[in-house]
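These numbers come from a predicted model, not from an experiment.
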Amino acid sequence: RLALAGRISYLDRVLQGVTSEDVGDFVPIPRYDDYQARAQYTIDRDEELALTLLGSDEHRRRSIPASDPAEDRAENSDTSYKRLILRYTHLLPDGSSIVVTPSIGLDKNSQDLSFGNGPGAQHIGVSVNTWQYALRGAYRRKVAVSTTVTMGIDMQARMYSAHRVGSSALPAREGDIVVFGQRPPAQTNVDDWNVTTIDTAPFAVAEINLGRLSLIPGLRLEPVLIEGDPLRPRSQTQAVRGYERFQLPANPVPDALAPLRWAPNPRLVLAFRATKRLTLTAGGGIYGQPPDAEDMSPVFGNPTVGLSRAAHVSSGFGFKLRPTLTLEMVG
């Protein structure tokens, strides 16, 4: 089986003929395209292979014009990604199943800001190219009448190559409180850096049905290897020095429970069918992720920044108003 799909924007071209030329100065007009392709091959009745290609490109420009050319402000951003994903599924005679999914991809992100025209103009830019490699394998088996277990491993490797020039304050990073068009400070700098992160996470999930109560406990261990260069800002008098560190996310527990600090990330989901129409749900877990490569510049950031940690908790309900209509609320 073969499938192809694609989409391309046309709003920017249509607006040129029906609106004033400066509409883009007030409302950013995006330009984008995305495309998908999939080929599925049935090896046997219970065995299948699927190859998927995903791609997307987006371009955006926004500006603040001024009567004084020195006060013109503009921003250009370009984002694109490509993914090639192979998925193998096999249902075994005993009812268990195997799923293996390797993938490869390339992400490109760039952002350019300009302030003013002429000799006194300021230009700021950052670009990040990322090669992404992943392999996920899972084995699912029913171990009891009411219990199904899934075990596997989730491996991800990312190779970042980044370049940044301009102010240390712009482009703004996540958490920075800035307004578009804010003029940056006069101090500028430049940096090129590389970061590689390898995340190998074994995991296990159980699905347990106890009458009207369903439990889905899970465990996930996420050791991360981080390599990069340089560790210090580049210098003409010192050789470039890289770094390598192995990190295992620490659970946020009191010091008195230090032996549990390196325990796997736990997750738990509960669903209770109170009536034929009402189902109550609750869930929680500890999550972690490697630092963003854009924050690991020795000039504009910190190469030694650690992993992010988060505790998530949610609860809610689902109420079936009609056989084909359900209301859900989650907090």
Side chain to side chain contact (heavy atoms under 4.5 Å, CB included) assessment of Leu86 paired with Leu49: CA-CA 7 Å; Leu86 182 65; Leu49 201 61; 4.0 Å; yes
From [X] [atom1] over to [Y] [atom2], what is the distance, rounded to the nearest 0.5 angstrom?
{"X": "Leu280", "Y": "Arg273", "atom1": "CG", "atom2": "CZ", "result": "11.0 Å"}
{"X": "Thr79", "Y": "Asp107", "atom1": "OG1", "atom2": "CG", "result": "9.5 Å"}
{"X": "Arg73", "Y": "Gln122", "atom1": "CZ", "atom2": "CD", "result": "12.0 Å"}
{"X": "Ile153", "Y": "Leu135", "atom1": "CD1", "atom2": "CG", "result": "8.0 Å"}
{"X": "Gln289", "Y": "Ser308", "atom1": "CD", "atom2": "OG", "result": "5.0 Å"}
{"X": "Arg277", "Y": "Leu327", "atom1": "CZ", "atom2": "CG", "result": "12.0 Å"}

Quick check: do [X] and [Y] have side-chain heavy atoms less than 4.5 Å from each other?
{"X": "Val305", "Y": "Met296", "result": "yes"}
{"X": "Phe203", "Y": "Arg267", "result": "no"}
{"X": "Phe319", "Y": "Met329", "result": "no"}
{"X": "Arg1", "Y": "Thr42", "result": "yes"}
{"X": "Gln132", "Y": "Arg83", "result": "yes"}
{"X": "Asp94", "Y": "Arg141", "result": "yes"}
{"X": "His163", "Y": "Val190", "result": "yes"}
{"X": "Pro290", "Y": "Glu222", "result": "no"}

Which atoms form the tightest heavy-atom contact between [X] and [Y], and what is the distance?
{"X": "Ala138", "Y": "Thr150", "answer": "CB-CG2, 4.1 Å"}
{"X": "Pro230", "Y": "Pro303", "answer": "O-CG, 4.1 Å"}
{"X": "Phe300", "Y": "Asn189", "answer": "CZ-O, 3.6 Å"}
{"X": "Gln36", "Y": "Gly6", "answer": "OE1-N, 4.5 Å"}
{"X": "Glu294", "Y": "Trp193", "answer": "O-CZ2, 4.0 Å"}
{"X": "Gly288", "Y": "Asn265", "answer": "N-ND2, 4.1 Å"}

Steps toward side chain to side chain contact (heavy atoms under 4.5 Å, CB included) verdict (Thr130, Asn109): CA-CA 9 Å; Thr130 308; Asn109 297 277; 5.6 Å; no
Side-chain hydrophobic cluster, 4.5 Å single linkage: members besides Ile8: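 Result for Ile8 is none, singleton.
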Cluster companions of Leu91 among Ile, Leu, Val, Met, Phe, Trp, Tyr (side-chain spacing under 4.5 Å): none
Verdict with reasoning, Asn209 to Ser214, per side chain to side chain donor-acceptor pair (under 3.5 Å): CA-CA 5 Å; Asn209 293 311; Ser214 297; 3.0 Å; yes
Electrostatic pair Asp191-Arg164, nearest N-O below 4.0 angstrom: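 No, Asp191 and Arg164 are not salt-bridged.
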Ring pair (Phe, Tyr, Trp, His ring centres under 6.0 Å): pairs with one or both residues in residues 29-58, sequence neighbours excluded: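 Not a single pair qualifies under ring pair (Phe, Tyr, Trp, His ring centres under 6.0 Å).
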Pairwise ring pair (Phe, Tyr, Trp, His ring centres under 6.0 Å) hits with a residue in residues 54-100, at least two apart: none
Pair listing, side-chain hydrogen bond (donor to acceptor under 3.5 Å, both in side chains) test, anchored in residues 312-331, at least two apart: none
Ser297 (side chain) donor-acceptor with Val299 (main chain) under 3.5 angstrom: yes
Sidechain-backbone polar pair: Asn302 side chain, Thr304 backbone, donor-acceptor under 3.5 Å: yes
Shared hydrophobic cluster, Leu213 / Ile216 (ILVMFWY, side-chain heavy atoms < 4.5 Å): no
Check against side chain to side chain contact (heavy atoms under 4.5 Å, CB included), Arg234 and Asp229: CA-CA 10 Å; Arg234 298 179 186 273; Asp229 68 84; 3.8 Å; yes
CA sep, side-chain torsions, deciding dist, call: Tyr243, Arg245, side chain to side chain donor-acceptor pair (under 3.5 Å): CA-CA 7 Å; Tyr243 56 89; Arg245 66 182 188 270; 5.3 Å; no
Set of salt bridge (charged side-chain N to carboxylate O under 4.0 Å, His left out) partners for Lys108, sequence neighbours left out: none
Donor + acceptor pair across side chains of Ser9, Arg31 (<3.5 Å):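 Their side chains do not contain a donor-acceptor pair, so the 3.5 Å distance test is not met.
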Test side chain to side chain contact (heavy atoms under 4.5 Å, CB included) applied to Leu4 and Leu2, step by step: CA-CA 7 Å; Leu4 297 172; Leu2 300 174; over 6 Å; no
